[in-house]
Every structure is written in C-alpha cells, then in structure tokens.
Amino acid sequence: MGMSSLKLLKYVLFFFNLFFWFCGCCILGFGIYFMIHNSFGVLFRNLSFLTLGNAFIIVGSIIMVVAFLGCMGSIKENKCLLMSFFVLLLIILLAEVTLAILLFIYEQKGCYTKAKLWFHSNFLYIGIITICVCVIQVLGMSFALTLNCQIDKTSQVLGL
C-alpha cells in the first residue's frame, strides 16, 4: 500500500470518527436534557434506574470514547489506540449480535404490547439500520487493522 493510500485511510478513519464523536456528543446532550426535564419514565419495570435519559447518557458516552480512540489512534498513528478502538468495536458488535439473537429467541415471551407492535410495524427499517451500523463497524475495524499493519511496515522500513 502506497503512502498516499495510507494517508487517505488515516484521514478517512479520522473524519468518520470525528463525525461519530459529534453524534455521541449530541446523544449525550439529549440524555442530559431528558434527565433534567424528566418527562420520560423508566424503560423496564425491573430496572427502575434505567430511564431514557440514563440510556442516552450511557450510549453517548460510549460512542464518544470509542470515536475518540479512533480519531486519536488514526491521526497520531498510535498502535495502542488503534487496537483499543478495534477491540471496543468488536465487543460492541458482538454485544449487538447477541442482543439481536436474544430478541429473536425471546420475541414471544414477555414483550409489551406497544413495543411489540412498534417492532413488528418497523421491522424492515430496524433491520436496515442494524445492518448499516454493523457494516460501518466492520469497516471501521478493518480500517483500524489495516492502518495498524501499515504502521508496522512503515516503521520497519524506516528502521524505527
């Protein structure tokens, strides 16, 4: 891979992660707004602490941390940050697949009527969004590993 391809990959990974970091900031902001106005109840009866605001704050924070690792790892060409970014994306992807399997298996048991109706009426859109998110995560993981391998090769050529 040429140096220009490496630079392109580096900046593509940086700008996509910068965009996701801003999205994480927005989600975190919505979570704080929902916490302040407290207009939404709990998501699950068994987990009374898990409100919509708390869920948005947790998801926004995770997105911000992962995107920050991707941004800094790519722009600084830091192998440790790139591998941390890769591992976190892999864990998130595995958690998403596990959740999807569990939702599919336990679809008939204990679902609330409104949620079940909403999922069934929007099943196609939810599937498309889930597939797009998974594709973006796999691309991010492959870009991070490719950049990580190219950093190794570049440092060997330069004798570092």
Side-chain angles (χ1 to χ4, degrees), residues 1-34 43-44 50-107 111 115-116 118-160:
M1 183 180 276
M3 291 302 285
S4 60
S5 300
L6 180 63
K7 292 275 187 201
L8 177 67
L9 182 66
K10 172 181 168 177
Y11 287 110
V12 165
L13 190 61
F14 173 77
F15 284 115
F16 272 111
N17 279 302
L18 186 64
F19 171 73
F20 288 120
W21 186 82
F22 283 126
C23 290
C25 289
C26 291
I27 292 171
L28 180 66
F30 280 120
I32 292 170
Y33 175 80
F34 291 149
L43 295 176
F44 302 104
L50 189 58
T51 62
L52 186 63
N54 286 344
F56 272 38
I57 288 173
I58 292 167
V59 169
S61 299
I62 291 171
I63 290 172
M64 285 177 60
V65 167
V66 172
F68 177 78
L69 289 175
C71 277
M72 294 309 293
S74 63
I75 203 71
K76 294 290 186 182
E77 296 182 5
N78 187 315
K79 291 177 46 111
C80 180
L81 291 176
L82 284 172
M83 286 309 294
S84 299
F85 172 71
F86 173 79
V87 168
L88 285 175
L89 271 183
L90 181 64
I91 290 170
I92 291 170
L93 183 66
L94 292 175
E96 287 172 353
V97 169
T98 304
L99 182 64
I101 291 171
L102 288 175
L103 285 175
F104 184 73
I105 290 173
Y106 295 110
E107 175 184 15
C111 291
K116 191 173 183 179
W118 184 83
F119 276 116
H120 283 291
S121 64
N122 295 311
F123 189 72
L124 178 65
Y125 300 117
I126 293 170
I128 290 170
I129 290 171
T130 303
I131 290 171
C132 290
V133 167
C134 289
V135 166
I136 290 170
Q137 286 176 327
V138 168
L139 283 174
M141 290 170 24
S142 63
F143 285 177
L145 277 183
T146 304
L147 188 59
N148 192 12
C149 291
Q150 291 304 316
I151 291 170
D152 275 345
K153 290 179 182 177
T154 305
S155 62
Q156 288 174 356
V157 168
L158 296 175
L160 298 175

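The first residue in the sequence is number 1, and the count goes up from there.
Taking all atoms of both residues into account, the shortest heavy-atom contact from Gly73 to Leu81 is CA-CB, 3.6 Å. The two atoms that bring Ile92 and Gln137 nearest to each other are CG2-NE2, 3.2 Å, heavy atoms only. For the residue pair Leu18 and Cys71, the shortest heavy atom distance occurs at N-SG, 3.2 Å. For Glu96 against Cys134, the heavy-atom pair with the smallest separation is OE1-SG, 3.9 Å.
For the atom pair CG (Asn17) and CG (Leu89), the distance works out to 7.5 Å, reported to the nearest 0.5 Å. The CG atom of Leu93 lies 9.0 Å from the OG1 atom of Thr98; values are rounded to the nearest 0.5 Å. The NZ atom of Lys7 sits 10.5 Å away from the CG atom of Leu147 when rounded to the nearest 0.5 Å. Here CD of Gln150 is found 8.0 Å from CG of Leu9. Values are rounded to the nearest 0.5 Å. The line from NZ of Lys79 to SG of Cys149 is 7.5 Å long, rounded to the nearest 0.5 Å. In this structure, Ser74 OG and Phe85 CZ are separated by 8.0 Å, a value rounded to the nearest 0.5 Å.
Contacts classified as ring pair (Phe, Tyr, Trp, His ring centres under 6.0 Å) and involving residues 52-84 (residues at least two apart or in different chains) are given here: Phe34-Phe56.
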Worked check of side chain to side chain contact (heavy atoms under 4.5 Å, CB included) between Phe30 and Ile57: CA-CA 8 Å; Phe30 280 120; Ile57 288 173; over 6 Å; no

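Here the side chains of Asn148 and Glu77 are not in contact, with every heavy-atom distance at 4.5 Å or above. Inter-residue side-chain proximity for Trp21 and Val66 is flagged as unmet; no heavy-atom pair is nearer than 4.5 Å. Two residues are said to be in side-chain contact when any heavy atoms from C-beta on lie closer than 4.5 Å; Met72 and Asn78 fail this criterion. Put simply, the side chain of Ile136 reaches to within 4.5 Å of the side chain of Phe20, judged on heavy atoms.
With sequence neighbours excluded, no residue forms a salt bridge (Lys or Arg N to Asp or Glu O under 4.0 Å) with Lys76.
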